[in-house]
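Take a look at the structure below.
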Amino acid sequence: AQKTTAEEALKDESKIARLPSEFRRLRPKPEDLKFNEDHMREYLGKLPPEYVETETKRAERVMALREYLFASLRMPYRPPKSEGIRLRDGSLVRGFIPMGTEEQGLTVRPFDDARQSLTVTNLRIEDLAWSEIWGMLDYYGKMREDMGDAQARSDVFEHYLNSAVACDWYGYRKDTAAFIHKALKVNPKGKPIVERLGFDSK
């Protein structure tokens, strides 16, 4: 029974990013998504040659995540009122983010911002729960889908694929699979790209 369980685990492992767990544990994972190029180069230098090319491609995508998030935050982020914005310390902030910038961070305003007495909260990317960051990526992906034209579909595919790479990099396997599914739903012909990044396209 133990052997069967181990075999199933290995099979499941190969479905997402085909990189052994002992190397995934070495990945730089900055809390604020600010990747240091020297640290990334050092990490890639520790990998066996057969993994370097694919992991480098994944690294390039994940290193662009912070800048991409702030570019997306030029448009308001409005989570459901009932959910609030989840923080890494386990708390919730009620409201929406009208805009976010590198310089000023994320300003959370109450949904009823006509009432001046309601509190405005300032956050940093690293204050957000990982599930909130993935939710933010999902939110902007759906927004892009609603644009609807061919170029938008291409952009949405890349958006979801980059989101999957980020989730996998930080160890969120279920979110990875969900974003891969969304990417391929938008562009079924993207399977070769998905597979070149080491993901299962089935």
Side-chain angles (χ1 to χ4, degrees), residues 16-17 19 24-37 39-40 43 55 57-111 120-147 155-186 194 197-199:
I16 305 297
L19 180 73
R24 281 205 306 274
R25 284 194 291 268
L26 299 177
R27 285 171 167 171
K29 297 176 183 177
E31 295 289 318
D32 58 1
L33 303 175
K34 288 183 179 179
F35 287 85
N36 181 290
E37 290 187 9
H39 293 168
M40 187 66 80
Y43 157 66
E55 187 71 345
K57 290 177 182 176
R58 289 193 285 251
E60 289 169 352
R61 289 174 180 261
V62 79
M63 289 176 75
L65 179 62
R66 183 182 171 93
E67 182 179 350
Y68 181 77
L69 272 174
F70 277 114
S72 298
L73 281 160
R74 293 170 187 161
M75 297 178 286
Y77 172 58
R78 295 179 179 272
K81 290 185 181 182
S82 60
E83 294 181 11
I85 296 173
R86 294 156 290 187
L87 303 185
R88 214 162 290 183
D89 64 6
S91 62
L92 285 172
V93 176
R94 303 290 180 182
F96 74 103
I97 301 173
M99 188 176 183
T101 66
E102 279 276 11
E103 296 77 20
Q104 298 180 2
L106 314 176
T107 300
V108 182
R109 295 191 178 278
F111 285 108
V120 173
T121 306
N122 293 306
L123 299 174
R124 300 165 299 173
I125 284 286
E126 56 267 36
D127 292 324
L128 300 179
W130 290 110
S131 59
E132 192 66 47
I133 292 175
W134 311 146
M136 187 178 287
L137 288 168
D138 189 46
Y139 175 90
Y140 285 117
K142 289 174 182 174
M143 185 181 290
R144 289 173 181 273
E145 279 193 71
D146 289 341
M147 294 169 68
D155 291 343
V156 171
F157 171 77
E158 286 295 319
H159 172 96
Y160 284 137
L161 185 55
N162 289 339
S163 300
V165 170
C167 289
D168 173 71
W169 193 275
Y170 279 88
Y172 289 80
R173 314 289 280 178
K174 289 183 179 179
D175 297 284
T176 302
F179 278 123
I180 290 294
H181 176 76
K182 289 175 183 288
L184 290 173
K185 185 177 179 181
V186 169
V194 168
L197 284 169
F199 297 115

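The chain is numbered in sequence order, starting from 1. These values consider heavy atoms only, across backbone and side chains, with no hydrogens, waters or symmetry-generated copies.
- Other residues, nucleotides and ligands contribute more than 12 heavy atoms inside 6.0 Å of the NZ atom of K57.
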Steps toward side-chain contact (heavy atoms from CB on, under 4.5 Å) verdict (I125, K34):
CA-CA 10 Å; I125 284 286; K34 288 183 179 179; over 6 Å; no
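- Counted within 6.0 Å of CD on E37, heavy atoms from surrounding residues, nucleotides or ligands total 12 or fewer; the atom is thus considered open.
- At a threshold of 4.5 Å between non-hydrogen side-chain atoms, the residues R58 and L19 count as touching.
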Take L128 and I85 through the side-chain contact (heavy atoms from CB on, under 4.5 Å) test and state the conclusion after the steps.
CA-CA 8 Å; L128 300 179; I85 296 173; 3.7 Å; yes
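- If you take CZ on R66 and CD on E126, they are separated by 6.0 Å, rounding to the nearest 0.5 Å.
- At least one side-chain heavy atom of R144 sits under 4.5 Å from a side-chain heavy atom of S72.
- For the pair M136/L73, a side-chain contact is recorded, criterion being any heavy-atom separation below 4.5 Å from C-beta on.
- The two residues A59 and M40 have their closest heavy-atom pair at CB-SD, 3.7 Å.
- In this structure, L184 CG and F179 CZ are separated by 13.5 Å, a value rounded to the nearest 0.5 Å.
- Although no hydrogens or angles enter the test, the distance criterion places a donor-acceptor pair under 3.5 Å between the side chain of Y170 and the main chain of P30.
- Of all heavy-atom pairs spanning I97 and G100, the tightest one is CG2-N, 4.4 Å.
- Between N122 atom CG and R109 atom CZ the span is 8.5 Å, to the nearest 0.5 Å.
- For the pair R86/L92, a side-chain contact is recorded, criterion being any heavy-atom separation below 4.5 Å from C-beta on.
- You'll find the side chain of L161 reaches within 4.5 Å of the side chain of I180, heavy atoms only.
- Salt bridge absent: R88 and E132 never bring a charged side-chain N and a carboxylate O closer than 4.0 Å.
- Crowding of K29 atom NZ: a count of heavy atoms from other residues, nucleotides or ligands under 6.0 Å exceeding 12.
- One finds a salt bridge joining K142 and D138 here, because a Lys/Arg side-chain nitrogen approaches an Asp/Glu carboxylate oxygen to under 4.0 Å.
- Closest approach of Q104 and T101 over heavy atoms only: N-OG1, 3.0 Å.
- The aromatic rings of Y43 and W169 lie perpendicular to each other, with more than 60° between the two planes, well past the 30° mark.
- For the residue pair T107 and P98, the shortest heavy atom distance occurs at O-CD, 3.1 Å.
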side-chain contact (heavy atoms from CB on, under 4.5 Å) between Y160 and E145, intermediate numbers included:
CA-CA 11 Å; Y160 284 137; E145 279 193 71; 2.7 Å; yes
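- Between Y172 and W130, the ring planes lie tilted relative to each other; the angle falls in the 30° to 60° range.
- Aromatic ring orientation, Y77 versus Y140: tilted (interplanar angle from 30° to 60°).
- Remark: the backbone N or O of V165 is not paired with any side-chain donor or acceptor of D168 at under 3.5 angstrom.
- A distance of 10.5 Å separates CD of E67 from CG of L69, quoted to the nearest 0.5 Å.
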Could you go through L65 and F35, starting from their C-alpha distance and side-chain angles, then the distance that decides it, and tell me whether this counts as side-chain contact (heavy atoms from CB on, under 4.5 Å)?
CA-CA 10 Å; L65 179 62; F35 287 85; 5.6 Å; no
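- The two atoms that bring R94 and G84 nearest to each other are NH1-N, 3.7 Å, heavy atoms only.
- The shortest distance between side-chain heavy atoms of V93 and D127 does not fall below 4.5 Å.
- By the 4.5 Å heavy-atom criterion applied to side chains, R27 and E55 are counted as neighbours.
- Of all non-hydrogen atoms in A166 and V62, the two that sit nearest each other are CA-CG2, 3.9 Å.
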